[in-house]
Engineer: 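First the structure, then my questions, so here it is.
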Amino acid sequence: MNILIVGSGAREHAIARALQKSPKQKTLYCLATNANPGLQELCSDLQIIDINDNAIISQFARDKEVSLAIIGPENPLANGLTDILMGSNIKVVGPTKEHSKIESSKSFARNLLVEYKIPACPKYKIFNSMKGVQAFLDQLGDNFVIKYDGLAGGKGVKVSGDHLDSHKEALQYCEQLIRKGGPFLVEEKLVGEEFSLMSFSDGNNLKHMPAIQDHKRALEGDMGPNTGGMGTYSDADHSLPFLTKKEIKEAQKINNLTAAALKDKYGYGYKGVLYGGFIATSHGIKLIEYNARFGDPEAMNVLSLLDTDFIDICLALTDGTLKNIDVNFLNMASVCKYAVPKGYPDNPIKDEEINIEKINNTKGLFYASVNSNNDKIMLAGSRAVAVVALADTLSTAEAEAEKEISCIKGPLFHRKDIGKKFIIQQRVQHMRKLR
Ligand code: AMP
Ligand code: GLY
C-alpha cells in the first residue's frame with residue numbers, strides 16, 4: 001500500500017512512525033514544507049512543495065499510485081485537498097472542505113453548536129465592523145476574548161487579563177483585525193482548565209482518544225504569547241488529574257453531538273480526527289474551539305500510546321467500519337515537551353544548528369520545524385523538536401522527558417513546568433475551587 005503523508009512537523013513524524021509500526025506492507029511518501037530528517041528516514045520520497053497547492057499534491061499522489069492519504073495540518077484541509085484526492089479514488093484521513101469549516105471558521109463552529117442546541121458555547125457575537133463591539137464589550141465587562149475568525153496557527157486570539165488590559169486595547173485589536181480583512185468574534189472569557197479530547201470519526205461512529213492537556217502559552221506559568229502548543233501530558237487512566245469521569249463523558253458527548261450535527265447539516269459523515277478544545281468550568285464543559293485534525297503536540301502523546309494497528313484505524317475511518325475494531329491505548333502516562341527556537345513565536349531564530357546526539361531514547365524524539373542539511377540539523381523557524389516519555393506515573397514521565405529535552409543543544413528553550421507535580425496540583429486546586 002502506498003501511503004501519502006501531507007505535512008512535515010512533529011505531528012506528521014508521529015503519524016509516519018505509527019504507520020511504520022504496522023506489520024502491513026507499505027511505502028510511505030511525504031509532501032513537506034521542510035526537510036524533516038525523521039520523515040526523510042521513514043519515507044521513500046519526501047518532496048518539499050507548497051502544501052497548499054492541491055494540483056501538485058494530487059499529481060504526486062497519482063504518480064506514486066497512492067491509495068491512502070493522511071493530511072496533518074489544517075490549511076490543506078481548509079483548501080479542500082480531501083475533496084480533490086477523494087475525486088481520484090484515494091482514501092483520505094481528514095475531513096472535506098465543508099466539514100473542515102469546524103476549524104477554519106470559528107463563527108461556523110459556534111453557530112453550529114447553537115443551531116443544534118449543543119450547550120457548550122460561551123456568550124459570543126460575530127462582527128465585520130466596529131458597529132456594536134463597544135456595546136457587547138460593555139455587556140461582558142472585564143472578561144472578554146477577541147478572535148480572528150479564520151486560521152491563524154493558534155495565534156489570532158487575545159484574552160483579557162493576559163493580552164488585553166482594557167476595552168481600549170480590545171477595540172484597537174478589533175480595528176487591526178478589520179484592517180487585515182476581519183471578520184472576528186468577541187466572546188465571554190471562560191474560566192477553568194483546558195484540555196483536548198480528540199476522537200476518531202468514520203462518518204457514523206466515534207472512538208475517543210485519551211484526554212490531553214496542552215500548554216498554549218510560550219512561557220512558564222502560562223505567561224507570554226499564544227503558540228501552537230509548547231507541550232502536553234496525559235495520565236495513565238486516559239483522563240487528567242483535574243477532571244472527573246463525568247466531565248470526560250460530557251466532552252465525549254459534545255464530540256458525538258457535533259459529528260452528528262455535521263452529518264445532518266451536509267448529508268454525509270465527518271471522516272478523520274475531530275479535536276475538541278474544551279474547558280472545564282463551574283458550569284460544566286464548554287468548547288473553546290474545534291480542530292479538524294490531530295493536535296500538535298497531542299498527536300505525539302496519543303500515537304505513542306496507541307496499541308492498535310494505525311493502518312487498520314485509517315482504513316476503518318475511510319471505510320466507515322470503525323465500530324468493528326477495538327482502538328486501544330496503553331495505560332501509561334505521557335509527557336511531551338517541545339524545544340523551540342529562542343524568540344519563538346514572535347521572532348524565532350532561524351538557520352542555526354542544533355544537536356540531538358545526547359538523546360537517549362530516539363524513539364521518543366520527534367523532529368518538527370528543522371531542516372536536515374549535510375548531516376546537520378538546522379532550525380527552520382518554528383517549534384523545532386519534541387520529546388515524548390511514557391511511564392507508569394506522570395512524575396516519572398515528566399522527569400524522563402525533561403532529562404531528554406535538556407540534552408538538546410542549540411539556541412532553544414522549553415517549558416520546564418509542563419507535567420510537573422506543582423503545576424498539575426495547581427490545576428486540581430483550581431477545579432476544586434470552581435466546582
Ligand atoms: P483558540 O485558538 O481558539 O484555541 O484560542 C487559543 C487560546 O485562547 C485557548 O487555548 C485559550 O487559552 C484562549 N481562549 C480562547 N477562547 C477563549 C474563551 N472563550 N475563554 C477563555 N479563553 C479562551
Ligand atoms: N495543540 C494545539 C493544536 O494542535 O492546535
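This chain uses plain numbering: 1 for the first residue, then up along the sequence. Ligands are counted one by one from 1 in listed order, and the atoms in each one are counted from 1 as well. This structure is a prediction, so every number in the text was calculated from the model and none was measured.
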Engineer: Heavy atom of G295 under 4.0 Å from ligand 2?
Structural biologist: yes

Engineer: What are the atoms of ligand 2, with element, lying closer than 4.0 Å to any heavy atom of K216?
Structural biologist: 2 (C)

Engineer: Pick one of side chain, backbone, both or neither for how Y275 approaches ligand 2, counting any non-hydrogen atom pair under 4.0 Å.
Structural biologist: side chain

Engineer: When the aromatic ring centroids of F195 and F278 are compared, is their separation below 6.0 Å?
Structural biologist: yes

Engineer: Which ligand 1 atoms does K147 reach within 4.0 Å, using its non-hydrogen atoms?
Structural biologist: 3 (O), 15 (C), 16 (N)

Engineer: Quick one: does any side-chain atom of E103 pair with a main-chain N or O of S100 as donor and acceptor, under 3.5 Å?
Structural biologist: no

Engineer: So is P297 touching ligand 2 or not, going by heavy atoms under 4.0 Å?
Structural biologist: yes

Engineer: Could you tell me the separation between the CD atom of E298 and the OH atom of Y233, rounded to the nearest 0.5 Å?
Structural biologist: 12.0 Å

Engineer: Is there a polar contact, in the sense of an N or O pair closer than 3.5 Å, between E289 and ligand 2?
Structural biologist: no

Engineer: Please work out, at 4.0 Å between heavy atoms, whether the side chain, the backbone, both, or neither of T232 comes within that distance of ligand 2.
Structural biologist: neither

Engineer: Looking at R293, which atoms of ligand 2 are within less than 4.0 Å of one of its heavy atoms?
Structural biologist: 3 (C), 4 (O), 5 (O)

Engineer: Would you kindly check if the NZ (Lys) or CZ (Arg) of K158 is within the cone defined by 45 degrees around the ring axis of Y173 and under 6.0 Å from the six-membered ring centre?
Structural biologist: yes

Engineer: So, regarding R110 and ligand 1 (criterion: nitrogen or oxygen to nitrogen or oxygen, under 3.5 Å), is there a contact or not?
Structural biologist: no

Engineer: Any heavy-atom pair between the side chains of R383 and P345 that's under 4.5 Å?
Structural biologist: no

Engineer: For ligand 2, which atoms sit closer than 4.0 Å to a heavy atom of D214?
Structural biologist: 1 (N), 2 (C)

Engineer: Would you indicate which of V159, V186, I146 comes nearest to atom 13 (C) of ligand 1 when only heavy atoms are counted?
Structural biologist: V159

Engineer: Strictly under 4.0 Å, does any heavy atom of A299 approach an atom of ligand 2?
Structural biologist: no

Engineer: Within the 4.0 Å heavy-atom shell around K189, which atoms of ligand 1 are there?
Structural biologist: 20 (N), 21 (C)

Engineer: Tell me whether the count of non-hydrogen atoms from other residues, nucleotides or ligands lying under 6.0 Å of NZ in K97 goes above 12.
Structural biologist: no

Engineer: Do any nitrogen or oxygen atoms of E298 come within less than 3.5 Å of a nitrogen or oxygen of ligand 2?
Structural biologist: yes

Engineer: Looking at non-hydrogen atoms alone, which of K216, E103, K158, K106 comes nearest to atom 3 (O) of ligand 1?
Structural biologist: K106

Engineer: Output the list of atoms in ligand 2 that are nearer than 4.0 Å to some heavy atom of N291, sorted by atom number.
Structural biologist: 5 (O)

Engineer: Quick one about S8 and Y367 (side-chain donor to acceptor, distance below 3.5 Å, no hydrogens or angles considered), yes or no?
Structural biologist: no

Engineer: Checking H238 side chain against L330 main chain: does a donor-acceptor pair fall under 3.5 Å?
Structural biologist: yes

Engineer: At under 4.0 Å between heavy atoms, is it the side chain or the backbone of E188 that contacts ligand 1, or both, or neither?
Structural biologist: backbone

Engineer: Using only atom types and a distance under 3.5 Å, with no angle test, would you say the side chain of H13 pairs donor to acceptor with the backbone of V385?
Structural biologist: no

Engineer: Just by distance, with hydrogens left out, do Y275 and N255 show a side-chain donor and acceptor under 3.5 Å apart?
Structural biologist: no

Engineer: Is the terminal nitrogen or CZ of R17 (NZ for Lys, CZ for Arg) located under 6.0 angstrom from the six-membered ring centre of F366 and within 45° of that ring's axis?
Structural biologist: yes

Engineer: Tell me whether T82 contacts the main-chain N or O of P95 through its side chain, where contact means a donor paired with an acceptor under 3.5 Å.
Structural biologist: yes

Engineer: Does at least one non-hydrogen atom of R217 fall below 4.0 angstrom from an atom of ligand 1?
Structural biologist: yes

Engineer: Tell me the contacting part of V145 for ligand 1: side chain, backbone, both, or neither, using a 4.0 Å heavy-atom threshold, strictly below.
Structural biologist: side chain

